[in-house]
Amino acid sequence: PLNAKNCTLPVPKKDKERSSSKERSGHSTESSKHKEHRAKTIKAVSNESSGKNSGGSLHSEYAPPTASPPAALEVVPSVPSPAAPSDKESSGNSNAGSNALKRKFRGDFDSDEESLGYTLESDEEEETLKSLEEIMALNFSRTPTTSGKPPAVSKGLRSQSSDYMEYAQSGTYTNTLERLVKEMEDTQRLDELQKKLQEDIRQGRGIKSPLRTGDQDSTDDGDGLLEEHREFLKKFSVTVDAIPDHHPGEEIFNFLNSGKIFNQYTLDLRDSGFIGESAVEKLILKSGKTDQIFLTTQGFLTTAYHYVQCPVPVLKWLFRMMSVHTDCIVSVQILSTLMEITIRNDTFSDSPVWPWIPSLSDIAAVFFNMGVGFGSLFPLETLQPDFNEENLISETQKTLGGKESEDSPYSPVFSALPETNILNVVKFLGLCTSIHPEGYQDGELMLLILMLFKMSLEKELKQIPLVDFQSLLINLMKNIRDWNTKVHELCLGINELSSHPHNLLWLVQLVPNWTSRGRQLRQCLSLVMMSKLLDEKHEDIPNANNLQISVLHRYLVQMKPSDLLKKMVLKKRAEQPNETIDDSLHLELEKQAYYLTYILLHLVGEVSCSHSLSSGQRKHFVLLCGALEKHVKCDIREDARLFYRTKVKDLVARIHGKWQEIIQNCRPTQGQLHDFWVPDS
């Protein structure tokens with residue numbers, strides 16, 4: 001019987017060439033008669049295919065294999081058919097003719113008849129559809145059926161994708177409901193872990209260092225950490241906070257004690273014993289406490305004392321109100337009024353008395369009322385004022401009229417650092433020391449300098465530029481009469497204000513270096529601090545610059561990080577002889593050694609770069625460069641995990657660059673064109 005697979009549709013050679021040329025040219029316009037005839041031909045072929053699929057046989061007139069079927073004569077009616085081929089040619093070229101006819105039908109109907117629902121057997125051009133059939137077969141396999149049988153698929157798809165169906169039916173595909181639930185649980189767990197890590201980072205905890213295994217906090221978090229993970233973290237952990245950029249500071253201001261003597265509600269001008277004479281003074285004395293501040297900020301006091309001297313009780317009241325008022329704007333306005341009145345009083349040349357400036361007890365009372373302890377105001381036992389804390393409180397309350405706020409309980413005035421009030425007091429003291437240089441004795445000036453240095457160590461003041469502090473320090477140092485004698489005593493006093501090396505460096509850097517006395521104080525103070533940090537025996541600091549640099553060379557030799565580490569290890573063993581020094585403790589001591597080297601190198605830079613240079617100092621700087629490279633630079637072994645070593649080495653490079661610039665700007669020794677290397681003796 002004749003079926004769709006075995007039927008041969010002979011196509012002449014000219015028709016093949018014409019069809020191929022038609023596909024290449026891309027012409028799709030044909031006559032309506034030709035389209036109708038092609039549709040009839042497709043219908044005849046589809047009928048034959050359906051007859052084969054239903055199992056029926058064709059008529060007996062198609063039985064002889066040698067005769068060509070009538071449908072084959074109508075394939076291309078526009079071209080005359082040649083002589084009928086022989087049986088061998090017909091049977092031999094059946095596949096070729098069928099493939100050519102399929103390609104012709106596909107090329108003609110791609111643009112016009114894309115919606116025709118006929119099914120052809122797969123050929124070479126249909127291999128690209130395998131990916132789509134794979135996806136369809138997998139989709140069919142995922143859908144469960146009630147009868148337990150695979151879903152119905154077309155015969156062509158089932159024959160081409162049987163392998164994929166068998167793979168799906170074997171049960172190896174794992175995207176099940178249990179797997180989806182597990183993925184959801186893992187996602188929720190990761191989200192919770194991410195939130196926890198973000199919260200830890202926000203609170204500053206981060207990841208616990210595996211090196212601090214002795215800490216109680218680290219042992220709690222390290223119970224679930226495997227040993228191999230601990231070793232991995234220990235191997236690749238990076239230490240970046242061994243040398244901080246800012247000094248740690250100290251807690252100088254205690255806000256709970258602020259307002260202990262007076263506050264803005266207890267200060268009353270009527271209780272100061274002042275008797276008004278002018279109309280403005282009488283108006284202020286008749287007003288309440290709040291109205292007194294209002295009239296002061298509106299310029300009434302400035303107008304009243306424009307041509308006459310301002311009484312001392314009024315100036316004291318303004319000074320204390322400026323220091324304790326919680327409103328920053330009101331405090332600044334009171335400062336402006338106080339400075340204007342003080343400058344106006346200084347212009348009265350016919351006055352027999354100097355303008356009023358706050359005494360040492362007035363200044364101490366103001367800062368003590370802000371929350372600074374008496375021990376922080378006068379930290380050195382060898383340098384103390386002629387009054388104590390009890391005398392300070394009692395004398396201040398007497399000037400206030402002897403009335404305390406018994407009706408209202410005591411409560412702190414400030415809940416945070418009163419930056420504006422502190423700076424306003426410092427600004428006014430700077431004005432007073434400028435217009436009245438002889439107002440304080442040398443002993444009082446030194447106490448004021450030490451007071452300023454101690455207050456500058458406040459933690460809350462680290463991020464605030466202390467320009468007003470430096471301006472006041474310049475005036476105080478300039479007003480010291482016996483400077484050459486007091487400078488060494490002042491250095492020893494500043495050296496005792498703190499025990500932390502970084503705080504001491506901050507005190508050195510606070511000294512203004514744009515004046516001659518400031519540069520001299522910086523040099524002497526740096527040398528004194530280096531001798532203290534290196535545990536050297538105290539000796540007098542020479543004043544000559546050449547001698548200072550020679551002393552600096554001796555100190556520089558002792559700044560080797562490995563030597564400092566050995567000293568720390570020996571000191572630790574002497575303090576705790578029964579304790580063994582493990583790797584974690586040794587690493588901690590190494591950090592401290594490099595931290596100390598970092599501070600010492602900064603002090604070296606302050607000594608060497610704070611004075612004018614001469615040609616005679618050239619050889620000293622050449623020696624310093626050699627000592628810096630030999631004893632410090634060559635002793636540092638950089639490590640990617642130990643960033644503090646790189647930080648110290650970077651500082652060494654910067655100091656060495658400055659010294660090389662000094663050497664290049666100085667002339668060589670007489671009779672030499674170049675400096676030659678001289679070995680150390």
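Note that the numbering runs from 1 along the sequence shown for the chain.
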Looking only at atom types and distance, does a side-chain atom of [X] sit under 3.5 Å from a main-chain N or O of [Y], one as donor and one as acceptor?
| X | Y | value |
| --- | --- | --- |
| Gln264 | Thr326 | yes |
| Arg522 | Val511 | yes |
| Thr303 | Gly299 | yes |
| Lys459 | Glu251 | no |
| Arg344 | Tyr307 | no |
| Asn421 | Ser323 | yes |
| Asp442 | Arg481 | yes |
| Glu458 | Gly249 | no |
| Asn495 | Cys491 | no |
| Gln292 | Asp268 | no |

Does the side-chain contact (heavy atoms from CB on, under 4.5 Å) test come out yes or no for Lys195 and Glu192, once each step is laid out? CA-CA 5 Å; Lys195 292 179 180 179; Glu192 294 177 357; 5.8 Å; no
Do other residues, nucleotides or ligands put more than 12 heavy atoms under 6.0 Å from [X] [atom1]?
| X | atom1 | value |
| --- | --- | --- |
| Gln198 | CD | yes |
| Phe643 | CZ | no |
| Glu381 | CD | no |
| Glu661 | CD | no |

Please test Ser471 against Asp468 for side-chain hydrogen bond (donor to acceptor under 3.5 Å, both in side chains), starting from the C-alpha separation and ending with a verdict. CA-CA 5 Å; Ser471 300; Asp468 298 319; 5.2 Å; no
Starting from the C-alpha separation in whole Å, work towards a yes-or-no answer on side-chain contact (heavy atoms from CB on, under 4.5 Å) for Arg320 and Thr396. CA-CA 10 Å; Arg320 292 168 180 170; Thr396 306; 4.2 Å; yes
Is there a side-chain contact between Lys289 and Ile293 in this structure, where contact means two heavy atoms from C-beta onward sitting under 4.5 Å apart? no
Are the side chains of Trp356 and Pro311 in contact, using a 4.5 Å heavy-atom criterion? no
Only one of Val425, Ile422, Val372, Leu429 forms a side chain to side chain contact (heavy atoms under 4.5 Å, CB included) with Val366, so which one is it? Val425
Where [X] and [Y] come nearest, the two heavy atoms and their spacing:
| X | Y | answer |
| --- | --- | --- |
| Leu507 | Ser456 | CD2-OG, 3.9 Å |
| Thr297 | Phe294 | OG1-O, 2.9 Å |
| Thr433 | Tyr440 | CG2-CE1, 4.0 Å |
| Arg517 | Met477 | NH1-O, 2.6 Å |
| Val332 | Asn424 | N-ND2, 3.9 Å |

Between Glu250 and Lys454 (salt bridge meaning N to carboxylate O under 4.0 Å), is one present in this structure? yes
Would you say the ring centers of Tyr594 and Tyr598 fall short of 6.0 Å from each other? no
Name all residues meeting the side chain to side chain donor-acceptor pair (under 3.5 Å) criterion together with Thr296; count only those two or more places apart in sequence or in a different chain, and write none if there are none. none
Run Asn391 and Asn388 through side-chain hydrogen bond (donor to acceptor under 3.5 Å, both in side chains) and show every step you take. CA-CA 5 Å; Asn391 296 335; Asn388 54 21; 2.9 Å; yes
Which of parallel (below 30°), tilted (30 to 60°) and perpendicular (above 60°) describes His500 and His502? parallel
According to the interplanar angle, ranging from 0 to 90°, do the rings of Phe319 and Phe428 count as parallel (below 30°), tilted (30 to 60°) or perpendicular (above 60°)? tilted
Qualifying side-chain hydrogen bond (donor to acceptor under 3.5 Å, both in side chains) pairs, either residue in residues 361-372, two or more places apart: Ser359-Ser361, Ser359-Asp362
